[in-house]
Amino acid sequence: MKNLFDVKGKVVVITGAAGILGNSMVHHFAEQGAKVVILDRNEEAGNKLADAVRAEGGEVAFFYTDVLNKEVVEKNYDQIMERYGRIDVLINGAGGNMAGATIPPDKTIFDLDIDAVKKVVDLNLFGTVIPTMVFAKAMVAQKEGSIINISSESALRPLTRVAGYGVAKAAVVNFTKYMCGELATKFGSGIRVNAIAPGFFLTEQNRTLLTNPDGSLTPRSHTILAHTPYGRFGEPDELLGTLQWLASEGSKFVSGTVTVIDGGFDAFSI
């Protein structure tokens, strides 16, 4: 019997792969028999991750990237095609936030650092647009492929403080839906574009918002958990089932969707 969710042998490209969430994705897809391409600007972390996967018997390659530099991403395309000859799955995992693009409790919208907001929008939006433009060429030639963008709970429900990040991730949702139609109507129904919207997962980028220096939870964390039916933060491996589905033939007729993975946060009121 055919396994609809099999990804063995697929070439899975992950940007921002050396981060906490990306790290989990890389290990998972390698364990599932995929050929995983790690793209990250942190060469030390990327090489360390690749070595760890190889030690476990996985097929992996690491290439330095800058998702905001189209020339660098095009070089990555050439490197990947030379090595594997195809790209089956693209996970646009590169993204992040910065302090200047947030509004702390003692500040207001009038204190927002516009330059910081632009950088956050660039990284999250154009850091998704550029790799999609480049790597989708392989999928067009193959007439099949899956692009998975990483949005956020903040794209669906505006959250306090993370003004710039929420705007950027909302744009990623719109781009996802746009690209669904753009690629399918012009290049065929074998190419699908979807997004996931993680809720609250503890990563290096939000650690200072969610934990105190001693590791205890901040008031913001307590508020989040009070509005999360599951009563806890997500674990990185809890994204993997959805990613496996979207990467596999199990989602063959699924495109333009946003799957929320948040322990019920988006659905919960009082």
Checking [X] side chain against [Y] main chain: does a donor-acceptor pair fall under 3.5 Å?
| X | Y | answer |
| --- | --- | --- |
| Ser151 | Ala197 | no |
| Asp214 | Ser216 | yes |
| Ser189 | Ala184 | no |

Counterpart residues, salt bridge (Lys or Arg N to Asp or Glu O under 4.0 Å), relative to [X] (two or more places apart):
| X | value |
| --- | --- |
| Asp113 | none |
| Glu249 | Lys10 |
| Glu235 | none |
| Asp88 | Arg86 |

Measure across [X] and [Y] and return the closest heavy-atom pair with its distance rounded to 0.1 Å.
| X | Y | result |
| --- | --- | --- |
| Gly164 | Val121 | O-CG2, 4.4 Å |
| Ile148 | Ala247 | CD1-N, 4.0 Å |
| Ile196 | Pro198 | O-CD, 3.5 Å |
| Ile20 | Pro236 | CG2-CG, 4.0 Å |
| Tyr165 | Ser152 | CE2-OG, 3.6 Å |
| Ile147 | Asn149 | CG2-OD1, 3.7 Å |

Checklist entry - What's in the same ILVMFWY side-chain cluster as Ile114, cut-off under 4.5 Å, chained through other members? => result none
In Å and rounded to the nearest 0.5 Å, what is the [atom1] to [atom2] distance from [X] to [Y]?
| X | Y | atom1 | atom2 | answer |
| --- | --- | --- | --- | --- |
| Gln142 | Lys137 | CD | NZ | 14.0 Å |
| Ile191 | Ser146 | CD1 | OG | 10.5 Å |
| Leu243 | Ile14 | CG | CD1 | 8.0 Å |
| Met25 | Leu21 | CE | CG | 5.5 Å |
| Glu238 | Phe201 | CD | CZ | 6.0 Å |
| Gln244 | His28 | CD | NE2 | 3.5 Å |

Non-hydrogen side-chain atoms of [X] and [Y] separated by less than 4.5 Å:
| X | Y | result |
| --- | --- | --- |
| Leu239 | Ser24 | no |
| Leu49 | His27 | yes |
| Arg83 | Gln79 | no |
| Val167 | Val117 | no |
| Ile80 | Val13 | yes |
| Val172 | Ile150 | no |

Checklist entry - Listed by chain and number, what are the side chain to side chain contact (heavy atoms under 4.5 Å, CB included) partners of Asn69, not counting sequence neighbours? => result Asp66, Glu71, Val72
Item to check | With Ala18 via side chain to side chain contact (heavy atoms under 4.5 Å, CB included) - residues at least two apart | outcome: Asp40, Ala45
Next on the checklist: Can you list everything that forms a ring-ring contact (aromatic ring centres under 6.0 Å, His included) with Tyr77? Sequence neighbours excluded, please.
Outcome noted: none
Checklist entry - Which pairs with one or both residues in residues 213-259 pass ring pair (Phe, Tyr, Trp, His ring centres under 6.0 Å), sequence neighbours excluded? => result none
Atom pairs and distances, side-chain donor-acceptor, residues 126-135, under 3.5 Å, sequence neighbours left out:
| residue | atom | partner | partner atom | Å |
| --- | --- | --- | --- | --- |
| Thr128 | OG1 | Asn124 | O | 2.9 |
| Thr132 | OG1 | Asn92 | ND2 | 3.0 |
| Thr132 | OG1 | Thr128 | O | 2.7 |

Checklist entry - Counting only heavy atoms not in Arg41, do more than 12 fall under 6.0 Å of its CZ? => result no
Checklist entry - For atom OH of Tyr178, is the number of surrounding heavy atoms from other residues, nucleotides or ligands below 6.0 Å larger than 12? => result no
Scan the side chains in residues 258-270 for donor-acceptor partners under 3.5 Å anywhere in the protein, sequence neighbours excluded, and list what turns up.
| residue | atom | partner | partner atom | Å |
| --- | --- | --- | --- | --- |
| Asp262 | OD1 | Gly264 | N | 2.9 |
| Asp262 | OD1 | Phe265 | N | 3.4 |
| Asp262 | OD2 | Phe265 | N | 3.3 |
| Asp262 | OD2 | Asp266 | N | 2.6 |

Item to check | Lys/Arg N to Asp/Glu carboxylate O, Lys119 vs Asp122, below 4.0 Å | outcome: no
Checklist entry - Would you call Glu44 and Lys48 a salt bridge, using N to O less than 4.0 angstrom? => result no
Look at the side-chain heavy atoms of Ile, Leu, Val, Met, Phe, Trp and Tyr, link any pair under 4.5 Å apart, and say whether [X] and [Y] land in one connected group.
| X | Y | result |
| --- | --- | --- |
| Val60 | Phe62 | yes |
| Ile224 | Leu159 | yes |
| Val140 | Tyr84 | yes |
| Val89 | Leu39 | no |
| Met139 | Val12 | no |

Checklist entry - Between Leu246 and Arg192, does a side chain to side chain contact (heavy atoms under 4.5 Å, CB included) hold up when you go through it step by step? => result CA-CA 9 Å; Leu246 292 173; Arg192 55 197 190 276; over 6 Å; no
Next on the checklist: What I want to check is whether the side chains of Asn194 and Thr257 have a donor and an acceptor closer together than 3.5 Å.
Outcome noted: yes
For residues 93-109, tabulate all N or O donor-acceptor pairs below 3.5 Å that involve a side-chain atom, not counting sequence neighbours.
| residue | atom | partner | partner atom | Å |
| --- | --- | --- | --- | --- |
| Thr102 | OG1 | Ala99 | O | 2.7 |
| Thr108 | OG1 | Phe110 | N | 3.2 |

